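This report refers to the structure that appears directly beneath it.
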Amino acid sequence: MMAKAKKTNQTKIGRMHTRSVPSRIFGWSLLGLSLVVVALNWIEEFSNLEALPGGHSVLYLAGGIAGAVVGLWRAGVLDAKS
């Protein structure tokens, strides 16, 4: 008689995906720059510092948050892991 090979049941949830090095460098750089813009905007609100053109603005806050999300995505943090 032939011995049966033992089968294991494996469920694949997603593919292993790794972004390229330039994409990850761009993503982390964009995240860092966005956090700096948000921090400077917050400091400008409570002090006399004028580091950003036009001073404190909601647009800097919105742009910084959007840039941070895009940076996290390009860095591969938001990708599915399996």
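It should be emphasised that the depicted structure is a prediction, and the values quoted were computed from it without experimental measurement.
Using a 4.5 Å cut-off between side-chain heavy atoms of Ile, Leu, Val, Met, Phe, Trp and Tyr, with links allowed through other members, L33 and L35 fall into different hydrophobic clusters. Residue I43 is grouped with residue F46 when hydrophobic side chains (ILVMFWY) are merged at heavy-atom distances under 4.5 angstrom, including chains of intermediate members. Hydrophobic clustering (side-chain heavy atoms under 4.5 Å, transitive across Ile, Leu, Val, Met, Phe, Trp, Tyr) keeps L78 apart from V21.
Side-chain contact between V38 and S34: absent, with no pair of heavy atoms (C-beta onward) separated by less than 4.5 Å. Contact of the L40 side chain with the L49 side chain is registered, since non-hydrogen atoms from C-beta on lie closer than 4.5 Å. Side-chain contact between S20 and F26 is absent, with no heavy-atom pair separated by less than 4.5 Å. Taking the side chain as every heavy atom from C-beta outward, E44 and L52 approach each other to under 4.5 Å.
Considering all non-hydrogen atoms of both residues, Y60 and V37 come closest at O-CG1, 4.0 Å. Scanning all heavy atoms of the two residues, the minimum distance from S23 to R74 falls at OG-O, 3.1 Å.
When the shell of 6.0 Å around CD of E45 is examined, it contains more than 12 heavy atoms from other residues, nucleotides or ligands.
Formation of a donor-acceptor pair under 3.5 Å by the N41 side chain with backbone atoms of V58 is not found in this model.
Judged by the 6.0 Å and 45° rule, R19 forms a cation-pi pair with W73.
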